[in-house]
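We number each residue from 1, following the sequence as shown.
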Amino acid sequence: MAETKQSKPAVKKAATAESKLARLGLRTDMDLVLHLPMRYEDETEVISIREACLRGGHVSQVEGIVTSNEITYKPRRQFIVHIADDTGELQLRFMNFYGSQVKQMAEGTRVRARGELKHGFFGAEMVHPAYKIVTEGAPLPTSLTPVYPSGEGLSQAVLRRSIAEAMRRVDWTDTLPAALRERLHLQPFEPAIRLLHYPPHDVNEHELEERSHPAWTRMKFDELLAQQLSLKRAQQSRRQKGAAPLHAIGSLSAAFQAVLPFQLTKAQQRVLDEIRTDLRQQYPMQRLLQGDVGSGKTVVAALAAAQAIDSGFQAALMAPTEILAEQHFRKIAAWMEPLGVQVAWLTGSLKKKDKQAAVELVESGAARLVIGTHALIQDTVQFDRLGLVIVDEQHRFGVGQRLTLRNKGADGLVPHQLMMSATPIPRTLAMTYYADLEVSVIDELPPGRTPIVTRVIDQNRRDEVIERVHAAALEGRQVYWVCPLIEESEALQLQTATETYETLAAALPDLRVGLVHGRLKPAEKQVVMDAFTAAEVHVLVATTVIEVGVDVPNASLMVIEHAERFGLSQLHQLRGRVGRGSAASVCLLLYQSPLGPIAKQRLMTMRETTDGFEIARRDLEIRGPGEFLGARQSGQAMLRFADLETDGWLVDQARDLAHALLHDELPGSAAIVAAHLERWLGGKEEFLKV
Ligand code: ADP
Ligand code: MG
């Protein structure tokens, strides 16, 4: 009902409407045209008041003559209108209304009203119906009425009008030639868009709602194609940049592999080969190394660094937290320094003097490897000859941070990049959002690990759990006790951790209990972690600072309090701190009942599987890709229509077509690419070039 007067007045000033539209990202005509309805209202039918009463409880549209109207004040100010047709009578009730509405609905006026019909104390009524004043026989709309995603203060009426106007102005040229559309069974663009904005009343509403209608399929395909094209093009343009080929797999690599106390797993060897091949190229590697917690990514990263060093270049490893960076540093320095490689340590918390010393080591080239946090990318850090950048837990870094590291390459060349992630990315997600990266997967754990048994336990059995901790510690096993996550307040979280520590220390007087949390100074943290590593501490009470990177193989029992507050991937990361040695490991998830449905689903998932990919898949189901991808996605809403759960088959098709177009395999490829990207991304492509 384009002219419907809802209780709110229509937005008057065009300028304000424009800025409100802009806030929704609707700037150009094509933006508006691609702003598709989230649902529809059916105003194509008027039924008699009697029939509406019989249907009851449903939304229906009726038409009648106003027989009376009045403003009442009991129980509160409201406007009551009675309308009647040949079959019956109906009350319309408005709690918020304007004087103009009262005048408008004078006795004898013909009103078309649409709303949910209820049987109240005063008979049949509609509360706050949408309505309009009509003349007898006024035509009904022939298409369903679109309801658009909107923002604050932006009425449907304004959106509908703006979109309708934009539809009259845009260039409708299809970006895909007819032959191509036919081959892919895709609808032409214009009719598909028109159908989605104004579906004829006989449309298959189910298909429309489920977004399985061919018109939706066309939109999904188009946006997936735009995504594939832009990511692949970003990848191509990166390939045109030069990188120093890291040819040598020399004495350091060999010596390193010789001193490793274990054999690489097949999976580690495979991804190492992939990386080694990439590093020899004259264009920068952009590889994502995925592997579940504990799969052994660090050693692969160190071997990649060895190749850079053997080739006469420096390597840098950046981790998102100090504790994780420190773990890498200790481990890798212990491997490398005996082989004569100086490893620099650089974080924000270093004393000025120490930092200066580290920066000098990096600048002079004395340090061939530098490990640290994002302090590494500060302007003050100049590399002597940077050839390889390794970023751990890459999704925690913003686009900008990775960009800065990329600009620190030797001789104006771009360093090779290896990004690591312990959050396995489901296939469809990797194929879409990471289409610009090469992906290597370590899909095998080192031998000798025993599976972790996970139990879900009600918090009120905490005493039994403490008993179990006691028994385990007496057997010489070490225990992590993870404190509840309190997202709202870091202070409260700290307080809870301290209290937990005190209660446990009191309950377990014969054991040594330690505490580690985010507010400790790095040096203090290290003292605690060292004591735990050396098995001097039996029970380590910890906040989520231990989520990543902590590696103490003798720890085989983990208790997580208020597990229902954690996300799935966080639980998986935490649990990955045990099960690293040969002892059978146990993870106890304490929860506070009653559990909500999502929390229940998460805990069940944790109990059922330790497979990171399966967990990631279910996590994606629960959370959707936006949250899953973290920083990479900020500022981009690339997939609005396609749903990776159900539209995987379209992803394959879009990817194949993008490949063909970018390799100029179809007539007019370049023009198609340009037109399609312009239509779907406009100026928004720059984001992807990182
Ligand atoms: P990730 O970073 O992938 O979570 P790490 O690199 O920290 O895993 O490795 C986990 C543990 O497994 C470390 O103690 C590491 O030394 C050990 N490890 C790595 N590769 C192997 C292997 N091939 N055989 C035995 N142990 C290994
Ligand atoms: Mg790791």
Side-chain angles (χ1 to χ4, degrees), residues 1-44 61 98 100 104 112 114 130-135 138-176 187-201 203 205 208 211 213-216 218-220 222-223 226 637-638 640-641 674-685:
M1 254 189 231
E3 282 80 35
T4 299
K5 294 254 164 32
Q6 298 274 357
S7 313
K8 281 181 209 153
V11 176
K12 287 201 188 83
K13 279 192 225 130
T16 31
E18 219 163 86
S19 64
K20 281 171 186 162
L21 290 170
R23 234 180 284 152
L24 284 185
L26 306 177
R27 292 184 181 83
T28 66
D29 284 340
M30 193 47 84
D31 290 342
L32 283 160
V33 167
L34 294 176
H35 192 64
L36 295 174
M38 51 184 184
R39 61 186 177 82
Y40 302 91
E41 281 169 0
D42 187 352
E43 296 170 344
T44 61
Q61 181 166 251
Y98 295 94
S100 58
Q104 206 182 25
R112 202 174 270 172
R114 184 172 177 280
Y131 73 91
K132 63 177 169 182
I133 311 300
V134 292
T135 51
L140 286 161
T142 52
S143 55
L144 303 183
T145 308
V147 180
Y148 295 106
S150 182
E152 208 184 317
L154 188 58
S155 73
Q156 287 295 321
V158 170
L159 267 169
R160 284 172 194 156
R161 191 165 354 101
S162 310
I163 290 169
E165 283 165 12
M167 300 266 283
R168 283 195 284 277
R169 288 188 299 252
V170 287
D171 172 7
W172 286 103
T173 315
D174 207 307
T175 55
L176 305 180
Q187 289 203 337
F189 181 72
E190 180 173 355
I193 286 271
R194 290 202 183 276
L195 180 133
L196 291 173
H197 283 292
Y198 311 117
H201 60 90
V203 75
E205 278 187 65
L208 211 54
R211 301 197 166 187
H213 191 285
W216 271 122
R218 172 65 203 261
M219 293 309 122
K220 292 172 174 185
D222 272 22
E223 80 165 353
M638 284 186 65
R640 289 179 284 164
F641 307 136
H676 197 79
L677 284 175
E678 175 56 32
R679 171 161 295 170
W680 282 88
L681 294 177
K684 296 174 212 128
E685 221 191 327

For the [atom1] atom of [X] and the [atom2] atom of [Y], what is their distance to the nearest 0.5 Å?
| X | Y | atom1 | atom2 | answer |
| --- | --- | --- | --- | --- |
| R39 | T145 | CZ | OG1 | 10.5 Å |
| E223 | L34 | CD | CG | 9.5 Å |
| Y148 | M38 | OH | CE | 11.0 Å |
| R114 | E41 | CZ | CD | 4.0 Å |

With [X], which residues qualify under side chain to side chain contact (heavy atoms under 4.5 Å, CB included), at least two apart?
| X | result |
| --- | --- |
| L208 | Y40, L144, L195, L196, P199, V203, H213, W216 |
| S162 | L21, L32, V158 |
| L140 | V46, Q61, R112 |

Sequence-distant partners of R169, side-chain hydrogen bond (donor to acceptor under 3.5 Å, both in side chains), two or more places apart: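 For R169 the side-chain hydrogen bond (donor to acceptor under 3.5 Å, both in side chains) partners, ignoring immediate neighbours, are D29.
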
Within-4.5 Å side-chain heavy-atom neighbours: D222 and F641: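 Side-chain contact under 4.5 Å: no.
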
Check against side chain to side chain donor-acceptor pair (under 3.5 Å), T44 and H201: CA-CA 7 Å; T44 61; H201 60 90; 5.0 Å; no

Whether H197 side chain and P146 backbone form a donor-acceptor pair below 3.5 Å: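 No; judged by distance alone, with no hydrogens or angles, the pair does not exist.
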
Residues which pass salt bridge (charged side-chain N to carboxylate O under 4.0 Å, His left out) with E190, listed by chain and number, not counting sequence neighbours: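 Applying salt bridge (charged side-chain N to carboxylate O under 4.0 Å, His left out) to E190 gives R194.
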
Residues that D174 engages under salt bridge (charged side-chain N to carboxylate O under 4.0 Å, His left out), provided they are two or more places apart: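 Applying salt bridge (charged side-chain N to carboxylate O under 4.0 Å, His left out) to D174 gives R181, R218.
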
Within 45° cone of F189 ring axis and under 6.0 Å: R679 NZ or CZ: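 Here R679 passes the 6.0 Å and 45° test against F189.
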
